There are 2 protein chains.
Amino acid sequence: MTNEISFFENPEGTREEILEATFYALRQHGYADLTISKIGDEFGKSQSLIYHHYDDKDELLVDLLDYMLEQVENQVPLPNQSPEAYIEVIIDEIFGTSSNSDIEFSQAVIELRAQAAHDDDYNRLFRRSDDFIRKQIARVIQAGVDAGAFDVEDPSQTAALFHTVLVGIQAERITSDEDTIDDVRAEFRRYIEHCLLSE
Amino acid sequence: MTNEISFFENPEGTREEILEATFYALRQHGYADLTISKIGDEFGKSQSLIYHHYDDKDELLVDLLDYMLEQVENQVPLPNQSPEAYIEVIIDEIFGTSSNSDIEFSQAVIELRAQAAHDDDYNRLFRRSDDFIRKQIARVIQAGVDAGAFDVEDPSQTAALFHTVLVGIQAERITSDEDTIDDVRAEFRRYIEHCLLSE
DNA sequence: TGTAATTGATTATATATTCAATAAGTATAA
DNA sequence: TTATACTTATTGAATATATAATCAATTACA
């Protein structure tokens with residue numbers, strides 16, 4: 001079993017190595033059981049060194065979330081293709097490749113999202129990221145409407161449902177089997193056909 | 001500010017009082033910072049008494065989740081009305097009354113769901129609850145199809161998307177403003193009109 | 001009398017954080 | 001090139017605190 005998460009392939013500098021270690025420790029032990037000691041183990045170097053790069057645990061975790069959400073935002077495909085093709089790509093992103101690393105990444109994100117209920121920094125970062133993604137999707141849908149390919153009332157309203165399904169799948173992945181996810185994907189396709197595409 | 005969560009109105013017996021206290025402590029401090037001491041504070045009696053009723057913290061939290069999911073399942077409306085009316089009730093349940101207690105309950109559920117990634121007991125309970133809800137929705141959709149009110153290929157597939165939206169809204173509520181939730185609701189209504197109701 | 005409720009004190013451990021000390025690396029002046 | 005100063009990386013030990021869990025003792029109660 002290898003750890004092949006793309007964006008951590010070759011960390012640049014110690015700080016990024018620490019983020020990588022924190023991410024793996026989070027995946028393995030979960031947020032509630034995440035300790036500096038466990039991060040240090042994953043890091044391979046001493047715990048003290050972590051404090052040389054970060055003031056405290058909080059700062060480290062907020063930095064990790066920032067880093068992860070940056071990756072999420074970068075993963076949103078650029079609108080450099082036809083609206084129809086773009087929607088296909090979005091669907092693939094939402095429902096994922098069902099690879100282990102994808103699923104584990106989603107789980108980590110959801111776990112951090114849950115913390116946003118009690119931490120303003122987390123809340124702010126998720127708000128920013130969610131807004132960004134919704135707007136990106138809305139923009140493409142608007143382009144599709146302009147091109148006559150799509151037919152919707154309000155693109156940002158449609159994008160809002162896209163995003164809810166994205167987050168819902170992330171949360172469901174934790175417990176649901178692949179068959180259920182497949183059902184959701186099929187039904188979402190049906191929605192797109194009937195409610196998005198022009199006749 | 002009063003705590004008016006319906007199902008905790010009058011706890012029967014000490015165990016239920018402890019569950020109530022645990023729930024409030026969870027809401028206030030979050031799962032990661034949830035300690036027996038804080039539960040004891042909320043409980044109003046000594047921490048030791050908690051150990052008289054529960055073997056350890058784990059047992060208590062699993063029992064809380066079990067209890068909460070029971071409430072969730074009981075909240076799924078009975079199919080004793082017309083399919084069309086039932087769908088309306090389901091939408092209200094999914095998007096909630098936006099009352100504080102509803103939102104806080106959702107947040108607690110999502111936070112516990114995130115733990116399912118690292119705890120088999122949690123995983124099992126959520127699987128059971130999710131299956132139950134999906135099947136309940138699917139049954140009603142099937143009834144609507146039989147009555148000629150609905151027109152879908154596969155009711156359990158449609159129910160799967162309903163459930164994803166339910167969970168997605170729960171997770172989004174943590175950070176999203178009410179306007180965004182309203183957008184999702186409007187789009188979901190559009191979906192139902194175009195993809196569920198017969199012409 | 002016996003059973004359940006309740007408490008306070010206690011303990012062992014885990015955890016975040018600090019700190020002084022050392023090693024390694026890098027630029028600079030001779 | 002070498003010596004010097006300076007910065008950064010790195011560590012192990014130490015500390016204060018928080019936390020889960022235990023338990024013997026006491027109170028309420030049936």
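Every value quoted in this text rests on a predicted model; they were computed, and no experiment measured them. Below, chain A is the first sequence line, B the second, and so on; all start at residue 1.
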Q: Over 60° means perpendicular and under 30° means parallel, so classify the ring planes of B/Phe105 and B/Phe23, tilted if in between.
A: tilted
Q) When the distance from CD of A/Glu17 to C1' of D/dA9 is rounded to whole Å, what number comes out? A) 12 Å
Q. In whole angstroms, how far is the P atom of C/dA5 from the CZ atom of B/Arg15?
A. 11 Å
State which residues pass salt bridge (charged side-chain N to carboxylate O under 4.0 Å, His left out) with [X]; sequence neighbours excluded, sorted by chain then number.
{"X": "A/Asp151", "value": "none"}
{"X": "A/Glu111", "value": "none"}
{"X": "A/Asp56", "value": "none"}

**Q.** Pair listing, side-chain hydrogen bond (donor to acceptor under 3.5 Å, both in side chains) test, anchored in residues 82-96 of chain A, at least two apart
**A.** A/Glu88-A/Arg189
Q. Under the ring pair (Phe, Tyr, Trp, His ring centres under 6.0 Å) rule, what pairs show up with a residue in residues 146-182 of chain A, not counting sequence neighbours?
A. A/Phe162-A/Phe188
Q: Give every residue pair that meets the ring pair (Phe, Tyr, Trp, His ring centres under 6.0 Å) criterion with at least one member in residues 126-149 of chain A, sequence neighbours excluded.
A: none
Q: Classify every nucleotide of nucleotides 7-23 of chain C by which part a protein heavy atom approaches to under 4.0 Å, writing B for the base, S for the sugar-phosphate alone and - for neither, in 5'-to-3' order.
A: BBB-----SSBBB----
**Q.** Net bend of the helix from C/dT1-D/dA30 to C/dA30-D/dT1, end axes of five pairs each, nearest 10 degrees
**A.** 10°
Q | Selection residues 128-138 of chain B - residue pairs positive for salt bridge (charged side-chain N to carboxylate O under 4.0 Å, His left out), sequence neighbours left out | A | A/Glu172-B/Arg134, B/Asp66-B/Arg128, B/Glu73-B/Arg128, B/Arg113-B/Asp130, B/Asp131-B/Arg134
